[in-house]
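Since the structure comes first, as structure tokens, the remarks are kept for the end.
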Amino acid sequence: MDFRKIEEKWQNVWEKEKRFEVKNLEPNKQNAYILIEFPYPSGKGLHTGHVRSYSALDAVARKKRMQGYNVLFPMGCDAFGLEAERTAIKEHKLPQEIVARNIATFKEQLKMVGLSVDWSREISTCDPDYYKWTQWQFLQFYKHGLAEKQETNVNWCPNCGVLANEEVEGGYCCQCHSEVQQKTKAQWILKMTKYADRLLEDLKDTDYMEHIKTSQINWIGKSEGEKVTFQIKQGGTFDIFTTCIETIYGITFMVLAPEHPLVKKLKDKIENYAEVEAYVNEAKKKSDFERSELNKGKSGVCLKGITAINPANGKEVPVYLGDFVLASYGSGAVMAVPSHDQRDYEFAKEHGIDFIKVIEGNNEPTGCAYEKQDYLGANAKLINSEEFSGLIVEDAKKKIAEKLEKMGVAEKQVNFKMRDWVFSRQRYWGEPIPMVYCEHCGWQPVDEKDLPITLPQVESYEPTIDGESPLSLITDWVNTTCPKCGKPAKRETDTMPGWAGSSWYFMRYCDPKNDKEFASMDALKSWLPVDLYNGGNEHTTRHLLYARFWNKFLYDIGLSPVSEPFKSRISQGLVLGSNGVKMSKSLGNVVDPREVIKEYGADSLRVWEAFMGDYFQSVNWSDDGVKACNKFITKVYNFQDILVDGDEYSKELSVAMHTAIKKVTNDIDNIKFNTAIAALMILANEVQKVGKINKAEYKTLLLLLNPFAPHITEEVWTNQNFEPHIKDATWPVWDESKLVKDEIEYAIQINNKIIAREMFGTKLTNAEIEKQALENEKVKNAMAGKTFVKAIIIPNRLINIIAK
RNA sequence: GCCGAAGUGGUGAAACUGGCAGACGCACUGGACUCAAAAUCCAGCGAUGGCAACAUCGUGCGGGUUCGACUCCCGCCUUCGGCACCA
């Protein structure tokens, strides 16, 4: 049988009759939105790993359609980004060309797989009709005070200029492997931290896989504690943030970030200012990598002549600068309690500072700090803490906070690890940020009617040496007029990060051709929230945060109908190369689905990828299984030779049919494709044993297999002129009553050892089962000389007789 | 270091809510069909001992709970992902 020919035939039919195009509303149908993270069209094309998730979600979409849902299953390309730009530079072509070429390859590959995608809704983030709305949405962020130009640190490579975080690998540039440094630069940021609480809170309304939820929670990193104000004896104050206020009597020093503004303010009072200044400069030069990775040794310098006063007991303690303290978190200063914090412990050791122990418990470790994760909940008590000594830690925490709050030197504070979203990239291949700088009016948003601000097509777009965007060199493009006063002004030359376009693409699918708005409220209402969202694990955390944030903002300004865009989120396991490592061109272990499809057909590939293992677990690619699945499909195809008449399930196959329907239906719903295929194989084996299959049975088998092997099932269906047309056929349903058996085999155990197996009526009571079991010959023999104690009966499974 | 996912035959893996471990495949072995091969079909297939019926062991390691543990609890080991001084 020529699989390819059959598959091409049906793919063409589907395309011609626009089989999978959907309207936003369909009378008497419920909508379902099945979404797969759109691919980044890299030059490598798709590998068999992509096919795993695409065909899996396609199976879900196809089944839902047969169950009577109006299903949106769209596809597009996340086309802006560094890789296309880099490839373009290497090949001396325009990114536009590279992307067009890559998208063409992707589509060819995708179409060969036979996905039931509504291609009329295809989008690409680098299409001006699309990014016009990305820019428009940026303007809304700006107009609502959520976009702002701020001085922030950027990653800086001496060769390549400004780098995105994604380009920094372990402190080195991913391209030229130079050491990455930090540089302060004005950047656009989106104030995502304003949404931190809601991004955390609203997770409760979602049904993400547990580990995905956890990583959202960890990334947001909420911590609750106290902000405490410390007086400096020599004048001035500063705040610190702590989650361990109970250790305040254990403070023996304070540490400020090197960037802390107090350093300059106290200049005259610091006796060793030269040394301090040198340290600050040194810290500035260091990359984040050095500051974190290489410098666990806790470098620091004492501010001589400066002391801080512990508000709890009035004690004076020295103040240090230390670059382990991050200026960007909390208030850039910490209280140091070396007895109860490991970092403080190491710093104190390094610099010869005192320790004061303030907590005593019975699980104290030796040779390191006794930290909160150990003493909390361990019934530990305070010592050396004046009136709080003797209190249980948990009580002391409350009481000390109360005291300091009453004194007016402390207040409750919540901090987040999550930062605002640095939204500028000094790159060519991204959405231009639609802002104009005017000497008279400052930053001005581009007039909405002038959108999109398109990327100029230019010869040279390589990153500049000074770290400015390549767009800055294109003076024609840069020079414009101020939208406010009309005088000459300059365009913002930074572009948006790759994450921008992907933060709202699922909305555009709902209304992809709309040129009045990014999507109409009606269209959005009919599809959102996404019912099932699948994507790779690698960037789930950040993508979800960005997309959720973006949507929440649109929701707040009345442009999105839902506060959470995705009802559920799952992630497929990777398909690794046959050697157990990630597929990559350089390792030569990439398997192109086209090769497999040419040899065995798309249906075999799809069935195999469903069957190869648990969808959420990674697997090594092997094509042994493709052959097996091809065999299975051929077997089903050949059932045409043993087809007989019959509009009802035959007696011989009735139980097998209903069992399979139930199993396949539930397994697809529960994303257990491997066992769904196994159930179909079992059914096929049953048919083979019986030696014939009737129409009703064959139709059901074909429909159950259709989500996984859509081509061959439609081929057989059409060959046999089955009614109605397969596109109007409905998903089979099982009859639970047909699964009820009169008798079931039980295993009979005595003291957990299986002694016998016997059929038992399913209507028997436990007492009757026990009686019958004890009458079994083998049981009787085994019970000789033993005394019956009791019997444990697990319905339909086993009887365990306990005997002495 | 922290967080997350995982560890079951020669191999990919199943196992509902704690209830007969290894479903369904692959590979392998034997057989049927064939001049032969391929394809297909039938049978076997965790380990050890035994001619056998059968017995003992067996889900990374060590403990525990339970009549009963791949599954729950405690303590480890290994692999893979993510994050990295977050006060």
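Source: prediction; values computed, not measured. Proteins get letters first, then strands, A, B, ... in listed order; numbering begins at 1 in each.
Among the nucleotides A87(B), A13(B), G4(B), the one closest to any side-chain atom of V619(A) is A13(B). Residue K631(A) places its side chain closer to C26(B) than to any other of C26(B), C83(B), C67(B). Here G19(B) is the nucleotide among A87(B), G19(B), A5(B) with the atom lying nearest to any side-chain atom of I792(A). In this structure, of A5(B), C85(B), C26(B), it is C26(B) that holds the atom nearest to the side chain of D624(A).
In this entry the base of G9(B) is syn relative to its sugar, with a glycosidic angle within 90° of 0.
Side-chain N/O atoms of N218(A) and base N/O atoms of C83(B) include no donor-acceptor pair closer than 3.5 Å.
S223(A) comes within 4.0 angstrom of sugar-phosphate atoms only, judged by non-hydrogen atoms across all strands, and of no base. Within 4.0 Å (heavy atoms only), D344(A) reaches no atom of the nucleic acid at all. As judged by a 4.0 angstrom heavy-atom cut-off over every strand, Q617(A) is placed among residues touching the sugar-phosphate backbone only. Using a 4.0 Å heavy-atom distance criterion, Q342(A) is classed as making no nucleic acid contact. Residue contacts shown for T242(A) are limited to sugar-phosphate atoms, with no base heavy atom under 4.0 Å away.
Residues T675(A) and D667(A) bring a donor and an acceptor atom of their side chains to less than 3.5 Å of each other. Looking at N752(A) and N800(A), their side chains do bring a donor and an acceptor atom within 3.5 Å of each other.
Both T214(A) and I754(A) sit near RNA chain B, but only T214(A) has its closest nucleotide nearer the 5' end.
Against RNA chain B, the stretch residues 669-682 of chain A makes heavy-atom approaches under 4.0 Å through K672(A), N674(A), T675(A), A678(A), M681(A), I682(A).
Between C80(B) and U8(B), the distance separating the two P atoms is 15 Å to the nearest Å.
Between the CG atom in L376(A) and the CD1 atom in I359(A) there is a gap of 7.5 Å [rounded to 0.5 Å].
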